[in-house]
Number of protein chains: 2
Amino acid sequence: MSGERAKLQHLHALKHLALLGAIRFPVRVSSGEFAEVIGLSQQAASGLLLDLFKAGLIRREISSRKQHITITESGAAALALEHADLHRVFEGAGTLEVRGAVTSGLGEGAYYMGQDGYQAQFEKLLGTRPVAGTLNIRLQGAELAKRQVLENAKGMEVSGFTDGGRTFGGAKLFRCVIEGVEGAVVMPLRTHHRDTLEVISRKHLRRALKLEDGAKVRVRVQL
Amino acid sequence: MSGERAKLQHLHALKHLALLGAIRFPVRVSSGEFAEVIGLSQQAASGLLLDLFKAGLIRREISSRKQHITITESGAAALALEHADLHRVFEGAGTLEVRGAVTSGLGEGAYYMGQDGYQAQFEKLLGTRPVAGTLNIRLQGAELAKRQVLENAKGMEVSGFTDGGRTFGGAKLFRCVIEGVEGAVVMPLRTHHRDTLEVISRKHLRRALKLEDGAKVRVRVQL
DNA sequence: ATTACTAATCATCGAGTAG
DNA sequence: TCTACTCGATGATTAGTAA
């Protein structure tokens with residue numbers, strides 16, 4: 001029931017689950033109901049849901065009655081990729097709008113971004129020297145999927161380096177506009193913060209935009 | 001090679017052709033090249049392109065050498081529908097941004113829209129009485145596909161009527177914002193102008209926005 | 001009610017090859 | 001070279017049915 005050819009159907013099924021709301025909250029659907037939605041038999045729909053589960057694209061809470069389905073992060077990412085493709089087709093070269101809430105980092109951002117090894121590269125790539133420190137934006141739900149689009153996209157490359165025995169990893173940079181202010185999204189190649197977006201800028205964003213923790217912001221990222 | 005199940009593959013193939021630019025201009029691709037793009041054999045790709053052609057989704061100019069492919073209006077519409085679905089998933093309840101150029105109608109707009117049978121309904125649905133007359137916007141290329149999305153969408157219904165032996169057809173209404181001004185898109189149920197969008201508003205748009213023929217405008221339509 | 005197994009059916013794919 | 005046919009293999013879909 002799985003294979004290379006089924007990927008399209010997986011995406012199609014995910015799309016319909018997403019339209020039912022399964023990205024944001026668990027959705028109660030029987031295999032029979034779902035079968036009608038995607039135009040297959042109950043048996044095929046059941047198998048399809050099994051496939052999606054095995055592929056890690058959905059979560060199921062299944063009782064003897066109907067089942068509750070949620071789309072996983074990797075499922076949402078697959079959909080977001082598809083969305084990005086179609087967006088490119090219709091809206092021209094891509095920008096991606098991500099929404100999230102300002103959050104406090106651990107203060108480590110300033111230390112890392114302040115390193116000359118990074119600053120020199122930023123200046124070369126962006127034309128200006130950003131202030132040391134990053135504005136951290138916490139992403140939730142469907143917005144998380146957009147971050148994955150960035151992970152898959154090619155950005156401006158920032159190389160890693162070592163300084164005084166300490167190693168500093170590589171990163172990718174995407175130009176962005178955050179609440180009308182130009183800046184750049186920094187995506188470390190290795191990070192544990194898969195739910196936050198780090199933004200640097202020539203201005204001190206938190207001060208310039210008067211942002212407090214929890215403030216909602218929009219970031220338009222250029223791909 | 002055709003059937004109900006192949007629709008997904010058709011869409012997938014159309015997407016890749018669109019990414020190659022085939023919505024806007026003819027693209028030169030051999031079946032072998034296309035095979036690599038979509039991950040199939042040359043034979044399957046050839047059959048797929050035949051399918052798309054038979055289904056009226058693409059146009060082909062085929063010589064003994066490679067072929068030139070363009071996506072048809074109905075092909076673009078299929079993609080736009082898919083895009084609208086995914087847009088709804090990620091950006092919440094739908095708005096659709098359409099771009100086009102201001103064009104002169106035949107002056108008939110003012111006559112039709114001025115009819116009391118229409119004006120009364122507009123006032124009820126929109127809360128205000130729009131000025132008699134419509135701003136016509138000519139659509140091209142990928143934007144045409146978006147109009148088809150509107151044709152398939154449910155809008156506010158305006159009924160037809162007769163007055164003095166003359167019949168006036170029904171229409172659909174979508175709220176919209178055009179260059180920052182609130183208005184509504186009028187979609188006559190029967191029209192020959194499949195490439196123009198008609199916008200009404202409480203203000204005289206052409207005057208208020210200082211629009212001359214050919215001016216590019218953006219319309220954000222609420223679905 | 002449900003989910004999901006098995007067997008039979010049928011569509012789709014790739015290889016070979018003709019035009 | 002290219003497109004696109006036929007055919008055998010593969011794999012997905014359905015019906016019947018168990019749990």
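In what follows, every chain begins at residue 1, and chains take the letters A, B, ... in the order their sequences are listed.
Distance A:R60 CZ to C:dT3 C1': 8 Å, rounded to the nearest Å. For B:E36 and D:dC2, the CD to P distance is 11 Å, given to the nearest whole Å. For A:H68 and C:dT3, the NE2 to P distance is 11 Å, given to the nearest whole Å. Following rounding to the nearest Å, A:D51 (CG) and D:dA12 (P) show an atom-to-atom distance of 8 Å. In this structure, A:L8 atom CG and C:dT12 atom C1' are separated by 13 Å, rounded to whole Å. Taking atom CG of B:L49 as the reference point, atom P of D:dT3 lies 8 Å away to the nearest angstrom. Between the P atom of D:dA12 and the NE2 atom of A:H12 lies a distance of 17 Å, rounded to the nearest Å. The CG-C1' distance, from B:L50 to C:dT12, rounds to 15 Å in whole Å.
Look at C:dA1: it lacks any Watson-Crick or wobble partner with both distances under 3.5 angstrom.
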**OP:** Apply side-chain contact (heavy atoms from CB on, under 4.5 Å) to the pair B:F90 and A:I23, showing each step before the final yes or no.
**Re:** CA-CA 9 Å; B:F90 288 105; A:I23 282 195; 4.2 Å; yes
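B:S41 has a side-chain polar atom (N or O) that falls below the 4.0 Å cut-off from OP1 or OP2 of C:dG14. Put simply, B:Q42 has no side-chain N or O that comes within less than 4.0 Å of OP1 or OP2 on C:dG14.
Closest to the side chain of A:Q43, out of D:dC5, D:dT17, C:dT3, is D:dT17. Of the candidate nucleotides D:dT13, D:dT3, D:dT14, D:dT13 has the atom lying nearest to any side-chain atom of A:Q9. Of the candidate nucleotides D:dT3, C:dC13, D:dT13, D:dT13 has the atom nearest to the side chain of A:A44. Checking C:dT12, D:dT14, D:dT3 against every side-chain atom of B:A6, the shortest atom distance belongs to C:dT12.
Look at B:E61 and B:R59 and you find no salt bridge, because none of the NZ, NE, NH1 or NH2 atoms lies under 4.0 Å from a carboxylate O. Using a cut-off of 4.0 Å between Lys/Arg side-chain N and Asp/Glu carboxylate O, B:R206 and B:D213 are scored as salt-bridged. Salt-bridge formation is detected for the pair B:E82/A:K15: a Lys NZ or Arg NE/NH1/NH2 atom is positioned less than 4.0 Å from an Asp or Glu carboxylate oxygen.
A donor-acceptor pair shorter than 3.5 Å cannot be found between the side chains of A:N136 and A:T103.
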